[in-house]
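Before any comments, here is the structure.
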2 protein chains.
Amino acid sequence: MRKIAESTVRRLSLYLRFLEDFERQGTETVSSEALATRGGTTSAQVRKDLSFFGSFGKRGFGYSVPELAGRLRDILGLERTYRIVVVGAGNIGAALAHFRGFEQHGFHVVSLYDCDPKKIGQKRNSIPIRDQRRLEADLAKELVDMAIVVTPAGAAQEIVDRLVKAGVKALLNFAPIQLRVPDDVIVKNVSLVLELEALSYGLRNR
Amino acid sequence: MRKIAESTVRRLSLYLRFLEDFERQGTETVSSEALATRGGTTSAQVRKDLSFFGSFGKRGFGYSVPELAGRLRDILGLERTYRIVVVGAGNIGAALAHFRGFEQHGFHVVSLYDCDPKKIGQKRNSIPIRDQRRLEADLAKELVDMAIVVTPAGAAQEIVDRLVKAGVKALLNFAPIQLRVPDDVIVKNVSLVLELEALSYGLRNR
DNA sequence: CTATGTGAATGATTTCACAGCT
DNA sequence: AGCTGTGAAATCATTCACATAG
């Protein structure tokens, strides 16, 4: 498959969110223009994004909402569910455990990991908090697809090395460091301070 | 000022993070190559990013760590602190209240807002939870610079309309909807499901 | 001699505009 | 008649490569 831009993939995910809304409200058909307006982009952009993967619409008509949603789920690899662990059961880790959006979209948080003996054995939203030292043993029994890293900065790289060694190929990193991983491991970073700094820049320069 | 790419601004913020590390460990001097390696980019990219704003290095030598950090803070508008409110005192809102990174970087969370009478009046990490209905009255007394929106999807647009009307010009949105705001209001979206879907796409296509 | 700063070249992404289906 | 799908054009971002300053 031809290399697809990160920005395109992110927009596809956004289009899928809109299609889910349309599905819920029973809308049958949608035009590229309608998706564009909703997502703050242009109809040409929507059509171009889709065209990398096939042609899913009917000319003069638009797209079938359920069909396009299905195609996007297929493209994004969402026809299956994913098993996830969250490493770090602090405030953010616990909040992630309670976040319903993950489950609703097929991302199943199977376990939290922490090193605080007071937390180990507890649950958050019925998800168990396990001893971080058991990570390798647990993953060897049943591998997970993705890990969310919400440890302090100092612990993140070591945890990630262990996750990678255990076979995890996709990471969502909240720690404020740039992780070093092999080429076949995908990392996405979430940095709230960085987002606020981008807002700060924006406020100042306009 | 010439229009600067979003991607450049985000990298500047990243460079600043690295410079803060260097400052802490007392490193005096850094090269574009060192910053590049750290951030997974190239030295040419680093120099180009900086060149949009001036020339801060010494040829044959590199950059003074404290000086470059200062310049970046200045460029990003971080020579001051910002007052922030968090709307929605659910799990994520509470986690944000406990997040030390905000305060450390000059983003001061002054208040949480919620509509649940059981939560109103409580505190999270000594930040008060106030009645959402008081938003306008409070902001009229003392305006905030930014708001973080962590309400359910259904409530987000209405809250944002009120924040905008009250004069807030910068929003960080966690709600899974595309917000409609006037042109002079900046919005950055954080969508964890979108990040996981991007990981899903990545896992499948390599 | 070393590492910056920067035009010029290359590469990537978005927009345009219209032919082609339905 | 209307909206998609798509090459071609335009714009935007990154990389190259080297003159220049310390």
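A quick note: this is a predicted structure, and the numbers were derived from the prediction, not measured. The analysis underlying the following values was restricted to heavy atoms, covering all of them including side chains, and did not include hydrogens, waters or symmetry mates. So you know, we letter chains A, B, ... as the sequences are listed, proteins then strands, and number each from 1.
- Taking the six-membered ring for Trp and thresholds of 30 and 60 degrees, F53(A) and Y201(B) have ring planes more than 60 degrees apart, a perpendicular arrangement.
- As a whole-Å value, the separation of E33(B) CD from dG5(C) P is 15 Å.
- Within 4.0 Å of S7(A), counting heavy atoms only, lie sugar-phosphate atoms of the nucleic acid but no base atom.
- Between E6(A) atom CD and dG11(C) atom P there is a gap of 21 Å when expressed in whole angstrom units.
- Distance CG (L68(B)) to P (dA3(C)): 16 Å, rounded to an integer number of Å.
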Self-check item: Nucleic acid footprint by protein, nucleotides 16-22 of chain C - heavy-atom cut-off 4.0 Å, B for base, S for sugar-phosphate alone
Solution: BB-BBBB
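- Summarising the geometry of A170(A) relative to L199(B), their closest heavy-atom pair is CB-CD2, 4.0 Å, with the distance given to 0.1 Å.
- One atom, CZ of R10(A), and another, P of dA12(C), lie 20 Å apart when rounded to the nearest Å.
- Across all non-hydrogen atoms, the minimal contact from I177(A) to N189(A) is O-OD1, 4.1 Å.
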Practice problem: For salt bridge (charged side-chain N to carboxylate O under 4.0 Å, His left out), just list the numbers for E136(B) and K165(B), CA-CA rounded to whole Å, side-chain angles, deciding distance to a tenth of an Å, and then say yes or no. | Solution: CA-CA 9 Å; E136(B) 285 82 357; K165(B) 199 174 274 183; over 6 Å; no
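- Taking side-chain N and O atoms only, Y63(B) has no distance below 4.0 Å to OP1 or OP2 of dG22(D).
- Distance, D49(A) CG to dT13(C) P: 11 Å, rounded to whole Å.
- The phosphate of dT15(C) (OP1 or OP2) has a side-chain N or O of Q45(A) nearer than 4.0 angstrom.
- The cationic atom of R80(A) (NZ for Lys, CZ for Arg) lies less than 6.0 Å from the six-membered ring centre of Y82(A) and within 45° of the ring axis.
- OP1 and OP2 of dC3(D) both lie 4.0 Å or more from every side-chain N or O belonging to S32(A).
- Remark on DNA chain C: of its neighbouring residues G62(B) and F52(A), the 5'-side contact belongs to G62(B), judged by nearest-heavy-atom nucleotide.
- Atom pair I4(B):CD1 and dT14(D):C1' shows a separation of 14 Å (rounding to whole Å applied).
- Rounded to an integer number of Å, the gap from F53(B) CZ to dT6(C) P is 13 Å.
- Distances shorter than 4.0 Å separate some side-chain N or O of R11(B) from OP1 or OP2 on dT14(D).
- The pair R38(B)-E33(B) fails the salt-bridge criterion, with no side-chain N (NZ, NE, NH1 or NH2) lying under 4.0 Å from an Asp/Glu carboxylate O.
- Rounded to whole angstrom, the span from the CG atom of L35(A) across to the C1' atom of dG5(D) amounts to 15 Å.
- Remark: K188(B) does not engage E197(A) in a salt bridge, criterion side-chain N to carboxylate O under 4.0 Å.
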